[in-house]
Amino acid sequence: MQTFIQTNRQPVQPHTLGVRVMLLTDQAEGLTARRLAQFGSVIDTVDDLEDAVTAILDDPLGYDLFVMDCDGFGGIAGAEQAISTLIAGDAKMRVMLVSREFDVPAYPLGRRTAVCLPDDVSEASFRIGFDHVLRDRAAMVMN
């Protein structure tokens with residue numbers, strides 16, 4: 001079996017419209033925030049690790065995705081701390097990590113594993129990661 005991926009076109013996937021994202025970043029107007037906004041995400045941006053975790057755990061609706069620009073928060077070690085705190089709080093959500101410590105994009109198949117992207121990842125690879133992490137999210141239809 002062969003699988004082909006065409007990356008020169010990135011249509012909006014029906015499961016990605018209106019995604020509620022908690023973005024932990026030290027660059028509120030940075031590249032990650034701009035990319036998420038281009039995908040039609042509803043973004044809550046925070047610049048403190050504890051504030052992000054608290055907001056996720058206390059949110060009554062539940063976020064669809066937690067995105068962390070790791071470099072401003074201790075790199076991969078900071079991401080591990082955030083994820084372990086979320087797991088301890090029984091949060092069940094999708095996670096995408098962006099850091100210069102990652103050499104290549106990682107799109108793991110496990111549903112409880114984070115998509116990991118280098119900070120200089122291409123637009124196409126970022127989109128692939130975003131779609132991949134949300135692959136099991138059901139599209140919501142409101143009448």
Reference residue Leu36; test side-chain contact (heavy atoms from CB on, under 4.5 Å); the match among Val42, Val19, Ile43: Ile43
Reference residue Thr32; test side-chain hydrogen bond (donor to acceptor under 3.5 Å, both in side chains); the match among Thr25, Thr45, Asp69: Asp69
Do the side chains of [Y] and [X] get nearer than 4.5 Å, heavy atoms only?
X	Y	value
Val46	Asp44	no
Leu31	Glu123	yes
Val121	Arg35	yes

Distance in Å, [X] [atom1] paired with [Y] [atom2], rounded so as to fall on 0.5 Å steps:
X	Y	atom1	atom2	result
Phe73	Ser99	CZ	OG	12.0 Å
Phe102	Asp120	CZ	CG	12.5 Å
Asp131	Arg127	CG	CZ	4.0 Å
Leu86	Met93	CG	CE	6.5 Å
Arg20	Leu65	CZ	CG	11.5 Å
Tyr63	Met22	OH	CE	3.5 Å

Short side-chain to backbone donor-acceptor contact, Asp71 and Arg100, under 3.5 Å: yes
Expected output: side-chain Arg135 to main-chain Leu109 donor-acceptor under 3.5 Å: yes
For the residue pair [X] and [Y], what are the closest heavy atoms and their distance?
X	Y	value
Pro108	Ala114	CG-O, 3.2 Å
Met96	Leu117	SD-CD1, 3.8 Å
Met68	Ala82	SD-CB, 4.1 Å
Phe66	Ala52	CE1-CB, 4.3 Å
Ser41	Phe130	OG-CZ, 3.6 Å

